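What follows is a set of notes on a single structure, which appears directly below.
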Amino acid sequence: MVVKIIDGKQIAEEIKKEVSAAVRDLQSKHGIVPGLAAVLVGDNPASQVYVNMKRKAFDKAGMFSQTVNLEASATREELHETIDRLNTDARIHGILVQLPIPEHLDEFDILKQIKPEKDVDGLHPENIARLAHGREGFIPCTPYGVQELLVRSGVEIAGTRAVIVGRSNLVGRPMAQLLLQKGARGDATVCVCHSRTRNLAAVCREADILIVAMGRANFITADMVKPGAVVIDVGINRVEDPTHPRGYRLVGDVDFEKVKAVAGAITPVPGGVGPMTIAMLLRNTLVAAQQALSKRCPGS
Ligand code: GUN
């Protein structure tokens, strides 16, 4: 079987171009530059890399971004004050608190402080509820990116059996909600698996679309995949590699080389889902700026 390698980098570039064109339009017609504030608590190296990548993508798209760095010892009050300030800052249309945050802080308590209309990460309870009710709202960027990747690659979702491995708030749960929604971008029969799932391999083998977000390098092996299935790898894991200049390389949750011999289509790591997350963050921030404008000037 000839496997299709789904090129997330190329599809993300298409989306970024569309966003850039809309940003130029917003700026020339209304003088508005969509802006994002990323709040980074502590010095988690992976989070620093992600936030830098987001900053560069915003610069390139002609959008504004700022990073607010807080000490790892920052208190709940400091974080709330920071978010309150950004909630009322007119230059900022989107706010993102990079996760994970230090353990002494309660993620739910922090995320619900963000104004829902600036919650471009789609993690505020109001946006989670909107997604669960099938209403418009901001959708978390990684699952939104996976859905977009499927649609733009011509993968039929409706009527298929989708298996999601991982039940995180960032990926697994919202992914399930998205694929369950009515319409051609959803209408899947969805199953969510996790570390306590019995006979995980057999459940995965039922998938027409297998989406893996569990954070374990090369966990999905060829025997866990139905021939011809579409395999989407959300994992980004560092594995030691002395032959690599950085001393490590990035691999997904799927054993790419073995699984690609069985799958009908598969995303690589890197160059699959990762670039899509950033593209969807750009798009959500653009939409937040457009919505802020239409609230200020209805009919614009
Ligand atoms: N950490 C890893 N991925 C994400 C993401 O999409 N959003 C936030 N806020 N933190 C993350």
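We count ligands from 1, going down the list as the structure has it; atoms in each ligand are counted the same way. Just so it is clear, the model here is predicted, and its values are computed rather than measured. Position 1 is the first residue of the sequence; numbering continues from there.
Annotation: cation-pi pair Arg246/Tyr248 present, NZ/CZ under 6.0 Å from the ring centroid and within 45° of its normal.
Ile266 is listed as a side-chain neighbour of Val3, based on a closest heavy-atom distance under 4.5 Å.
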Would you mind writing out the side-chain donor-acceptor pairs for residues 139-146 within the sub-3.5 Å range, not counting sequence neighbours?
from	atom 1	to	atom 2	distance (Å)
Thr142	OG1	Thr277	OG1	3.0
Tyr144	OH	Arg283	NH1	3.2

Review item, side-chain donor-acceptor pairs of residues 96-121, under 3.5 Å, at least two apart:
from	atom 1	to	atom 2	distance (Å)
Gln98	OE1	Lys54	NZ	2.8
His104	NE2	Ala74	O	2.7
Asp106	OD1	Phe108	N	3.1
Asp109	OD1	Arg76	NE	3.4
Asp109	OD1	Arg76	NH2	3.0
Asp109	OD2	Arg76	NE	2.8
Asp109	OD2	His80	NE2	3.2
Gln113	OE1	His80	ND1	3.4
Gln113	NE2	Asp84	OD1	2.8
Lys115	NZ	Asn87	O	3.3
Lys118	NZ	Leu86	O	2.9
Lys118	NZ	Asn87	O	3.0
Lys118	NZ	Asp89	O	2.9
Lys118	NZ	Ile92	O	2.7
Asp119	OD1	Gly122	N	3.4
Asp119	OD1	Leu123	N	3.3
Asp119	OD2	Leu123	N	3.0
Asp119	OD2	His124	N	2.8
Asp119	OD2	Asn127	ND2	2.8

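The part of Leu170 lying near ligand 1 is the side chain, judged by heavy-atom distances below 4.0 Å. At a heavy-atom cutoff of 4.0 Å, ligand 1 is contacted by both the backbone and the side chain of Leu99.
The existence of a salt bridge linking Lys226 and Glu206 is excluded, since no basic side-chain nitrogen approaches an acidic carboxylate oxygen closer than 4.0 Å.
For ligand 1, the atoms closer than 4.0 angstrom to any heavy atom of Val97 are 8 (C), 9 (N).
Among all non-hydrogen protein atoms, the one lying nearest atom 11 (C) of ligand 1 is Gln98 NE2, 3.4 Å.
Between Asp121 and ligand 1, a contact under 3.5 Å exists for at least one N or O pair.
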